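Data block below; observations after.
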Amino acid sequence: MAKAVAEGARSGGNVEVELNYYIEAEELGLFDAILIGAPTYHHEMPIDIKMMFEEAAVRGVNLKDKKGAAFGSYGWTGEAPKYALEIMKNKFEMHIAEPPLLAKYTPDQRMLDQCRALGKRISESLIRSA
Ligand SMILES: Cc1cc2nc3c(=O)[nH]c(=O)nc-3n(C[C@H](O)[C@H](O)[C@H](O)COP(=O)(O)O)c2cc1C
């Protein structure tokens, strides 16, 4: 899903896209948009994503008005992307314009197209607001 989102984001215009499996909290401040991929385990986000947000909060990383989106695969409840969006919106005051994009287990081609479309929309919105 993350690769498809990144591919779509690159197709959305002249934007630099980074696909990271791990990122330091301070580095979040370098980006205009942050798209989080989070599978749901035990009704939670993965611990490394929680800790990244926790670190960003403790260190006062400013993410205000950056664009945010979240996606992830799930099995039966799929809370993780929703929680990521809540934190981005309510704690970091990021701009969230998209509902969470959820794939039940392995994403099929249709879902990967939706991932590409999500990435593309975010890029296009960045270009529009530049
Ligand atoms: C130990 C374990 C706990 C899980 N807990 C949940 C859960 O609480 N809610 C849910 O929707 N899916 C849950 N799942 C299903 C995963 O979210 C699903 O398999 C997802 O596709 C995993 O994505 P990944 O392969 O990218 O890690 C769980 C899976 C495992 C193995």
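Treat the numbers as computed from the prediction; the structure is a model and nothing was measured. Both ligands and their constituent atoms are indexed starting at 1 by order of listing.
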Pro39 N/O to ligand 1 N/O under 3.5 Å: no
Protein contact of atom 28 (C) of ligand 1 - nearest heavy atom, named by residue and atom, plus distance: Trp76 CH2, 3.5 Å
Under 3.5 Å: donor-acceptor pair, side chain of Ser73, backbone of Ala103: no
Val61 vs Glu55 side-chain heavy atoms within contact, under 4.5 Å: no
Min side-chain heavy-atom separation Leu126-Lys67 under 4.5 Å: yes
Per-residue contact class, Ser73 against ligand 1 - non-hydrogen pairs under 4.0 Å: both
Lys50/Glu54 ion pair, N-O < 4.0 Å: no
Heavy-atom side-chain contact between Tyr74 and Lys104 under 4.5 Å: yes
Protein heavy-atom partner closest to atom 11 (O) of ligand 1 - residue, atom, separation in Å: Thr77 N, 2.6 Å
His42 N/O to ligand 1 N/O under 3.5 Å: yes
Side-chain touch Phe53/Met88, heavy atoms, less than 4.5 angstrom: yes
Under 3.5 Å donor-acceptor, Lys66 side chain and Ile34 backbone: no
Polar atom proximity, His43 to ligand 1 (N or O, under 3.5 Å): yes
For Gly75, atoms of ligand 1 separated by under 4.0 Å from a heavy atom: 10 (C), 11 (O), 12 (N), 15 (C), 16 (C), 17 (O), 18 (C)
Distance from atom 17 (O) of ligand 1 to nearest protein heavy atom, with residue and atom: Thr40 O, 2.5 Å
Protein residue, atom and distance nearest to atom 2 (C) of ligand 1, heavy-atom basis: Tyr41 CD2, 3.5 Å
Subset of ligand 1 atoms that lie under 4.0 Å from at least one heavy atom of Gly78: 10 (C), 11 (O)
